Peer 1: 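Mind looking over this structure? Questions follow.
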Amino acid sequence: MFIHSIALRNLFKNKYRTFVSILMISGALVGVTLFRGYVLRTLDVIQTTIVNGQFGHLQLGTSEYWSQDYKNKKDVLLGDHKFMIEKIASIPGVTAASPRMKFYGLLSTEQMSDSAMLIGIDPAKEKTFSVGLNMIEGKDVNVEDKKILVGTSLAKRLKLKLGDSVTLVASTLDQVVNAMDFQISGIFATGAEEFDSVAAFINIIDAQKVMNSTAVDVVKISVSDVSKLEEVKSRIENKFIDKKIEVRTWYQISSLFRKVESFYNTQTGLMFSILVFIVLLGISNTVSMSLNERIGEIGTLRALGQSRLSLFNQFMLESFYLCFAALSIGAVISFFVTKIVNMANLTAEIPGASIPMPIEIGFYPQVVAGFGVALFFIVNFFTAILVIKFIRIKIVESLRHNI
Amino acid sequence: MLELKNVYKSYGEGGQQQSVLEDVSVVFDDNQFIALLGKSGSGKSTILNILSGLDCPDKGSVIFSGKSLYDRLDSELSQIRRIYFGFIFQSFNLLSNLTAYENIEYPLYLLKLSSTERRRRTLDILDHLQLTQFQHKLPGQLSGGQRQRVAIGRALVKSPKYIFADEPTANLDEKTGHEIIELIKEMQKYYGTTIIYVTHDSEITEVADKCLFLTNRKIEKYVHP
């Protein structure tokens, strides 16, 4: 207890310096955890948007379909999808399964035309997904025959309103041009500009008619517990082990999400490195000043017979206490700042988003702990280097300094 | 017994090297008050530092318990200082954020004694040095004389074989300095410790068992008062 009491008293000896050190370390933790909390929350929102609005949790398709290693698309479609959907729906962990048929075509009004990505969906089955599309206008995904839901940016480009008519022109699977008229029944926004600027949903029966096929591309699947995604994925694949079937997660399908995630991770790493650099500059300065003032004390303690190792431990104990206090304060500040920012209900236009995204910061204990431990080790490692330098000074030289 | 054998020491480098000790050999017997006298810069403190394991000689050796002090590992040297050597410094060198009691207790903590034993010995010394009423005061709250008494207590509390005192009265007024010398002498007799006392003050010859005079980088006189 004696050594702990001395360590704490030494920290309180120069209150201003200790305060500055605590401010630097806790400030770094607050900065990096808030930024990471914002990134993870944003990625969470994007993930929800992608899962609910586009891909579902999982999608099942043929291996050739995923690898795009085919000459004619009709060779890689799922012909017996109704039977498959029934089988998938019975697998534990699966909450919904619905067919999808995707193709590209030209949407034309009387004034203009634009290319679009058409997605055929089964409205009845699509409804069984817990969260549907975010509708800006119109009802929901309940697309009836000859009705179409268009993305907000696509609607803006083609100047489409509810009730307007559009003509879809597309090539069938046999490369014959086909056309069908639709009426706008809804305008949606998933939040992903890339998707909302091209996507349109139609009834799967209409999609199959345009494509002149009874097959579908993929089966979209929703699961009850996202943490068991891989487990459910394996169960589904095992169910169709005799077929050339591959199940992909939303993460594997969404290259956009992976790019955004990689971008944010790089930013976090960069920010953490900059903050660590600033903290180390500051800490090495304050620790050096502190050790410089205590050279006389180091010499006296060495003369009294305290070993270098014991002295090293004593100084490191002070550093541990300092870091522990700073990181605890930083964690508490992070928690409250997170609450305050989230209560403010802020929104921002972010690149790649078709609608303003909420500025929310998640408080993730594992993130605070992770960065906290990293800062703890980095700060103490550099402190240790400085302490070693000072305790290696010759005793007689140390004793020349005032205590 | 502590012995200096053909010790050489110089400071500086290259052409600016200045010799401080040349071929110094002397034996320090146990249970004595030995004064090391000499002018300022004569090398008294250098001898003290070399003897106490704080500074390595350029040549020669210091024999302690039959073995050269500087042939040992740093950790062994620390252990010797911890167990056998005590120090009284000119500037007291008390730890400023520890009370008088804690400053005296510190060497016992380094010896890993139990808290009960540490308390018994510390209170005993405080009582002996008439410092009991000041035990909870920080060094900054004590007078120079009181601080030096705490430093003497810190040196004595572990009952070391040798105490090295480097001009302990230099920062004190004459009266207090005289009291401190008397106190050190009294303690030396009571505890049977060997005191090696460095000073330029010839008053010490009145209390010392043995006086060594250092001139021209050598011990010139070896006087038994």
Side-chain angles (χ1 to χ4, degrees), chain A residues 1-19 21 289-319 321-322 387-403, chain B residues 9 11 45-46 48-50 52-56 73-99 101-115 118-119 122 138-140 147 151 154-155 157-158 160 164 166 171:
Chain A
M1 283 311 291
F2 190 51
I3 191 88
H4 293 273
S5 159
I6 292 173
L8 290 173
R9 266 187 267 176
N10 281 334
L11 285 178
F12 282 106
K13 200 163 142 185
N14 193 326
K15 291 187 186 74
Y16 176 74
R17 190 175 300 140
T18 303
F19 172 74
S21 301
M289 276 164 67
S290 169
L291 287 168
N292 249 316
E293 281 175 13
R294 293 172 68 183
I295 295 178
E297 180 187 330
I298 292 169
T300 304
L301 294 174
R302 293 278 290 127
L304 292 180
Q306 188 155 2
S307 66
R308 280 191 180 131
L309 180 65
S310 166
L311 255 181
F312 174 79
N313 291 341
Q314 191 176 317
F315 279 102
M316 290 314 294
L317 190 64
E318 289 173 31
S319 180
Y321 273 125
L322 181 84
V387 170
I388 289 169
K389 183 185 154 199
F390 277 86
I391 61 174
R392 289 182 72 85
I393 295 173
K394 281 184 176 178
I395 301 174
V396 280
E397 280 175 28
S398 303
L399 285 171
R400 286 191 195 115
H401 292 75
N402 285 331
I403 191 166
Chain B
K9 183 74 183 176
Y11 291 114
S45 293
T46 304
L48 199 77
N49 290 337
I50 290 172
S52 58
L54 300 181
D55 198 9
C56 186
L73 295 171
D74 185 75
S75 56
E76 284 179 86
L77 258 179
S78 293
Q79 195 182 16
I80 288 170
R81 285 196 299 270
R82 195 156 60 234
I83 299 170
Y84 301 106
F85 296 171
F87 291 86
I88 304 171
F89 301 99
Q90 183 180 328
S91 311
F92 324 126
N93 288 38
L94 298 175
L95 302 174
S96 59
N97 54 341
L98 299 193
T99 62
Y101 177 95
E102 289 165 334
N103 263 291
I104 293 174
E105 185 192 19
Y106 202 89
L108 303 178
Y109 163 75
L110 294 179
L111 287 172
K112 294 186 167 61
L113 298 183
S114 69
S115 58
R118 294 202 310 254
R119 183 166 174 75
T122 308
L138 292 169
R147 278 188 233 179
R154 182 176 67 181
V157 73
K158 61 185 176 185
F164 302 94
D166 192 358
N171 282 347

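Below, chains carry the letters A, B, ... as their sequence lines are ordered, and counting in each starts from 1. In this text the structure is predicted, and so the values were computed from the model without any measurement.
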Peer 1: Go through the atoms of S96(B) and report whether side chain, backbone, both or neither lie under 4.5 Å from a heavy atom of chain A.
Peer 2: side chain
Peer 1: Other residues, nucleotides and ligands only: do more than 12 of their heavy atoms fall within 6.0 Å of CG on N402(A)?
Peer 2: no
Peer 1: Under 4.5 Å heavy-atom distance to chain A, tell me which part of L111(B) shows up: side chain, backbone, both or neither.
Peer 2: neither
Peer 1: In terms of heavy-atom pairs under 4.5 Å, which option from R308(A), E297(A), R294(A) contacts chain B the most?
Peer 2: R308(A)
Peer 1: Between D74(B) and R302(A), is the closest basic N to carboxylate O distance under 4.0 Å?
Peer 2: yes
Peer 1: Check each atom of L309(A) against the heavy atoms of chain B and say whether the ones under 4.5 Å are side chain, backbone, both or neither.
Peer 2: neither
Peer 1: Of all the residues in residues 10-18 of chain A, which have a heavy atom that comes within less than 4.5 Å of a heavy atom in chain B?
Peer 2: N10(A), K13(A)
Peer 1: Using the side chain to side chain contact (heavy atoms under 4.5 Å, CB included) rule, take K394(A) and N49(B) through it: C-alpha gap first, then chi angles, then the decisive distance, then the call.
Peer 2: CA-CA 11 Å; K394(A) 281 184 176 178; N49(B) 290 337; over 6 Å; no
Peer 1: Check L304(A) against L110(B) and note the closest heavy-atom contact, atom names and distance.
Peer 2: O-CD1, 3.8 Å
Peer 1: What are the two closest heavy atoms between S78(B) and S307(A), and how far apart are they?
Peer 2: OG-CA, 3.9 Å
Peer 1: Name the member of Y106(B), F92(B), F87(B) that forms the most heavy-atom pairs with chain A at distances under 4.5 Å.
Peer 2: Y106(B)
Peer 1: Counting only heavy atoms from other residues, nucleotides and ligands, does the tally under 6.0 Å from CZ of F19(A) exceed 12?
Peer 2: no
Peer 1: Over all heavy atoms of both residues, which pair between I6(A) and N97(B) is shortest? Give the atoms and the distance, please.
Peer 2: O-ND2, 4.3 Å
Peer 1: Which region of E105(B), side chain (C-beta onward) or backbone (N, CA, C, O), has a non-hydrogen atom less than 4.5 Å from a non-hydrogen atom of chain A, or is it both or neither?
Peer 2: side chain
Peer 1: Check each atom of Y109(B) against the heavy atoms of chain A and say whether the ones under 4.5 Å are side chain, backbone, both or neither.
Peer 2: side chain
Peer 1: So which part of L98(B) gets closer than 4.5 Å to some heavy atom of chain A, the side chain, the backbone, both or neither?
Peer 2: both
Peer 1: Find out whether L301(A) and L95(B) are in side-chain contact, i.e. whether some heavy atom of one side chain is under 4.5 Å from a heavy atom of the other.
Peer 2: yes
Peer 1: Determine whether more than 12 heavy atoms belonging to other residues, nucleotides or ligands lie under 6.0 Å from atom OH of Y84(B).
Peer 2: no
